[in-house]
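Counting starts at 1 for both ligands and their atoms, following the listed order. Here the structure is a predicted model, which means the values were calculated and not measured.
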Amino acid sequence: MVNSTSLPRPTEMAHRLLREKLQPGDQAIDATVGNGYDTLFLAEQVGPKGHVYGFDVQEIAIEKTRQRVAGRENITLRCLSHDLLDRYISESISAITFNLGYLPGGDKSITTQPQTTMAALRNSVKVLKEGGLLTIVAYIGHEGGLRESNTVADWASSLDQNVFNTVRYEFTNQCNTPPFLIAVEKR
Ligand SMILES: C[S@@+](CC[C@H](N)C(=O)[O-])C[C@H]1O[C@@H](n2cnc3c(N)ncnc32)[C@H](O)[C@@H]1O
């Protein structure tokens with residue numbers, strides 16, 4: 001079986017799109033900071049004059065992220081569910097990223113949940129500025145993942161095309177329930 005590819009994985013494709021969108025000085029949100037890789041990536045894109053707001057429900061994820069981004073002053077981390085993000089964000093946001101599921105290397109029973117994920121996504125598109133980008137990497141393999149992924153995909157494809165452009169990116173011939181990327185651009 002071939003197990004390597006030059007095609008970007010959904011997480012890599014999300015970074016490509018985010019890199020193209022974000023400019024120095026922009027504001028961005030990492031809605032699921034986890035181990036901090038995406039937070040660091042966003043902070044690099046927006047630079048010292050920009051800002052990244054990060055959310056996670058687990059203190060251990062916040063702490064891991066704090067360590068990964070140590071020394072950077074353009075990041076605010078909150079141990080808080082992402083459905084509350086609009087209470088803390090007053091700026092218009094250029095990009096928001098969600099990487100759903102559980103914390104890699106952490107407690108697999110703590111995962112994103114359809115109800116809070118959907119509330120967070122609805123709030124995300126409100127704080128996104130015109131031309132802004134929302135990316136969601138959804139995982140099917142873990143318990144509850146299929147239901148959450150389908151809910152997110154259905155929501156994205158029901159968004160008004162006069163206001164949003166939505167795409168889906170995924171490997172279509174893999175047997176092992178690969179993740180997929182949804183990207184939503186606010187027109
Ligand atoms: C796949 S991990 C994120 C990986 C991360 N972006 C990175 O770069 O390492 C998913 C994270 O979502 C977090 N999470 C679960 N429910 C959440 C919620 N309601 N609000 C914010 N984060 C949540 C989990 O605690 C976990 O750390």
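Among all protein heavy atoms, the one lying closest to atom 23 (C) of ligand 1 is Val57 CG2, 3.7 Å. If you check which protein heavy atom lies closest to atom 11 (C) of ligand 1, you get Asp56 OD2, 3.5 Å. Closest protein heavy atom to atom 10 (C) of ligand 1: Asn99 O, 3.2 Å. Atom 8 (O) of ligand 1 has as its closest protein heavy atom Asp38 N, 2.9 Å. Scanning the protein heavy atoms around atom 20 (N) of ligand 1, the nearest turns out to be His82 N, 2.9 Å. Annotation: atom 19 (N) of ligand 1 to nearest protein heavy atom, Ser81 OG, 2.9 Å. When only non-hydrogen protein atoms are considered, atom 7 (C) of ligand 1 lies nearest to Val33 O, 3.4 Å. Of the protein's heavy atoms, Thr32 O, 3.4 Å lies nearest to atom 3 (C) of ligand 1.
Distance alone, capped at 3.5 Å, is enough to place a donor-acceptor pair between the Lys186 side chain and the Val125 backbone. At distances below 3.5 Å, not a single donor-acceptor pair connects side-chain atoms of Thr117 with backbone N or O atoms of Thr112. The backbone N or O of Pro104 sits less than 3.5 Å from a side-chain atom of Asn35, completing a donor-acceptor pair. With hydrogens and angles disregarded, no donor-acceptor distance shorter than 3.5 Å links the side chain of Asp86 to the backbone of Ser124. The main-chain N or O of Gln27 is never found under 3.5 Å from a side-chain atom of His51 such that the two would form a donor-acceptor pair.
Per-residue contacts place Gly101 under 4.0 angstrom from the following atoms of ligand 1 (heavy atoms of the residue considered): 10 (C). Each of the following atoms of ligand 1 lies closer than 4.0 Å to a heavy atom of Ala31: 21 (C), 22 (N). Numbered from 1 in the order shown, with element, the atoms of ligand 1 that lie under 4.0 Å from a heavy atom of Tyr37 read 7 (C), 8 (O), 9 (O). Near Gly36, with a cut-off below 4.0 Å to any heavy atom, the atoms of ligand 1 are 7 (C), 9 (O). For ligand 1, the atoms closer than 4.0 angstrom to any heavy atom of Gln58 are 24 (C), 25 (O).
Contact check for Val33 versus Leu77: side-chain heavy atoms found under the 4.5 Å cut-off.
Using a cut-off of 4.0 Å between Lys/Arg side-chain N and Asp/Glu carboxylate O, Lys129 and Glu91 are scored as not salt-bridged.
Ligand 1 has no N or O atom lying under 3.5 Å from any N or O atom of Tyr139, backbone or side chain. The N/O atoms of Tyr102, backbone and side chain alike, include none that comes under 3.5 Å of an N/O atom in ligand 1.
When heavy-atom distances to ligand 1 are checked against a 4.0 Å cut-off, Leu100 comes that close only through its backbone atoms N, CA, C and O. By the criterion of a heavy-atom distance under 4.0 Å, neither the backbone nor the side chain of Asp83 is placed next to ligand 1.
Phe55 meets the ring pair (Phe, Tyr, Trp, His ring centres under 6.0 Å) test with no other residue; sequence neighbours excluded. Taking the ring pair (Phe, Tyr, Trp, His ring centres under 6.0 Å) definition, one finds that Phe41 meets it with His15, sequence neighbours left out.
Residues Thr177 and Gly141 come closest through the heavy atom pair OG1-CA, 3.7 Å. Residues Phe171 and Pro178 come closest through the heavy atom pair O-CG, 3.8 Å.
Among Leu40, Asn35, Asp30, the residue whose heavy atom lies nearest to atom 9 (O) of ligand 1 is Asn35.
Taking a 4.0 Å cut-off on heavy atoms, Thr117 fails to register as neighbouring ligand 1.
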- [ ] Please report the C-alpha distance between Glu185 and Arg187 in whole Å, then the side-chain angles of each, then the deciding distance to 0.1 Å, and finally whether the salt bridge (charged side-chain N to carboxylate O under 4.0 Å, His left out) criterion is met.
- [x] CA-CA 6 Å; Glu185 179 187 50; Arg187 300 176 63 163; over 6 Å; no
